[in-house]
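Start at 1 with the first residue, then count along the sequence. Atoms within each ligand, like the ligands themselves, are counted from 1 in listed order.
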Amino acid sequence: MTIRAEQPADYDSIYLVVKNAFETAEQSDGNEHNLVNSLRQSNAFIPELSLVCEINGQIVGHIMFTKLQISGHTGLALAPLSVLPQYQRQGIGTSLILEGHKIAQTLGYSYSVVLGSEKYYPRIGYLPAETFDIRPCFEVPGKNFMAYKLYENAPLISGIVKYAEEFGIT
Ligand SMILES: CC(C)(COP(=O)(O)OP(=O)(O)OC[C@H]1O[C@@H](n2cnc3c(N)ncnc32)[C@H](O)[C@@H]1OP(=O)(O)O)[C@@H](O)C(=O)NCCC(=O)NCCS
């Protein structure tokens with residue numbers, strides 16, 4: 001298994017991986033594959049943090065972290081995360097997140113924020129974002145809005161998150 005930054009030649013495969021992964025997802029708006037393409041064109045895009053997982057030359061997973069604002073501080077939004085159905089439950093999603101965290105740390109980001117399953121992300125250390133006084137800009141159960149502190153001495157940044165406008169969250 002290889003995890004590496006995406007390249008332009010991967011864009012079509014990534015589109016299909018994201019589409020395919022979310023077709024059977026518990027939560028989906030059916031648009032995640034298009035969201036990836038729009039985020040790539042946005043100011044929130046971080047090329048080093050759009051990663052693919054490759055097995056025998058085939059892209060089987062993808063993760064994107066983009067910039068989000070918290071009280072004037074730049075954090076990260078983890079979204080979307082996709083693993084092809086036939087490759088799920090083999091640790092690929094976890095490996096993509098952990099590699100993303102490592103790169104994010106070297107780039108100096110302090111928090112990653114995710115909206116997702118309370119059964120999945122806490123296994124990797126995500127806590128309800130309210131633990132850090134990071135708050136959503138929409139109605140969501142607290143357990144599904146989570147954050148991860150990327151380094152020990154990260155400053156406390158209280159505030160409401162502002163996603164890239166491509167997410168369509170106002
Ligand atoms: C969610 C997803 C990325 C997980 O990737 P993965 O490579 O299968 O995950 P891992 O192998 O690293 O972790 C597997 C563990 O996570 C948990 N898990 C996996 N998918 C889960 C889900 N959809 N909800 C809750 N827990 C989940 C299980 O506990 C599993 O452990 P187990 O096999 O011992 O029961 C993948 O299922 C996927 O692409 N789903 C469709 C798209 C999606 O929902 N993305 C997340 C949006 S927040």
For [atom], the protein heavy atom that lies nearest, with its residue and separation:
atom                    : answer
atom 11 (O) of ligand 1 : G91 N, 2.7 Å
atom 20 (N) of ligand 1 : Y120 CD1, 4.3 Å
atom 7 (O) of ligand 1  : G93 N, 2.7 Å
atom 32 (P) of ligand 1 : R89 NE, 3.7 Å
atom 39 (O) of ligand 1 : V83 N, 2.8 Å
atom 23 (N) of ligand 1 : E26 OE2, 4.3 Å
atom 48 (S) of ligand 1 : Y121 OH, 3.2 Å

If we only count N/O pairs under 3.5 Å, is [X] in contact with ligand 1?
X    : value
L81  : yes
Y87  : no
F22  : no
Q88  : yes
K119 : no
A21  : no
T94  : yes

So, [X] versus [Y]: side-chain donor-acceptor pair below 3.5 Å or not?
X    : Y    : answer
S95  : E99  : no
S112 : Y126 : yes
E6   : S50  : yes
S110 : H73  : yes
N34  : Y15  : yes

Next on the checklist: More than 12 heavy atoms of other residues, nucleotides or ligands under 6.0 Å from CG of D29: yes or no?
Outcome noted: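 Correct, the count exceeds 12.
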Checklist entry - Under 6.0 Å from the CD atom of E26, do we count more than 12 heavy atoms belonging to anything else shown? => result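 No - once you tally the heavy atoms of other residues, nucleotides and ligands closer than 6.0 Å, there are 12 at most.
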Next on the checklist: Tell me whether the rings of Y148 and H101 are parallel (<30°), tilted (30 to 60°) or perpendicular (>60°).
Outcome noted: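 Parallel.
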Checklist entry - Relative to the ring of F145, is the ring of F138 parallel (under 30°), tilted (30 to 60°) or perpendicular (over 60°)? => result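 If you compare the ring of F138 with that of F145, the planes turn out perpendicular.
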Of all the atoms in ligand 1, which lie at a distance below 4.0 Å from a heavy atom belonging to [X]?
X    : result
L115 : 48 (S)
A25  : 41 (C), 42 (C), 44 (O)
Q90  : 11 (O)

Checklist entry - Relative to ligand 1, is S117 under 4.0 angstrom through side chain, backbone, both or neither, heavy atoms considered? => result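 Near ligand 1, S117 shows its side chain, while the N, CA, C and O stay back.
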Item to check | Distance flag for atom 34 (O) of ligand 1, protein heavy atom under 4.0 Å | outcome: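 No; the ligand atom in question lacks any protein heavy-atom contact below 4.0 Å.
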Next on the checklist: Below 4.0 angstrom, counting only protein heavy atoms, does anything approach atom 42 (C) of ligand 1?
Outcome noted: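 Yes.
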Next on the checklist: Could you tell me if the side chain of F167 sits less than 4.5 Å from the side chain of L35, heavy atoms only?
Outcome noted: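 Yes, at least one pair of side-chain atoms sits under 4.5 Å.
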Item to check | side chain to side chain contact (heavy atoms under 4.5 Å, CB included) assessment of M146 paired with F132 | outcome: CA-CA 9 Å; M146 294 163 272; F132 307 109; over 6 Å; no
Checklist entry - Under 4.0 angstrom from ligand 1, any heavy atom of S82? => result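 True for this residue.
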Next on the checklist: Working to the nearest 0.5 angstrom, can you tell me the gap between E23 CD and L84 CG?
Outcome noted: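 Going from the CD atom of E23 to the CG atom of L84 covers 10.5 Å.
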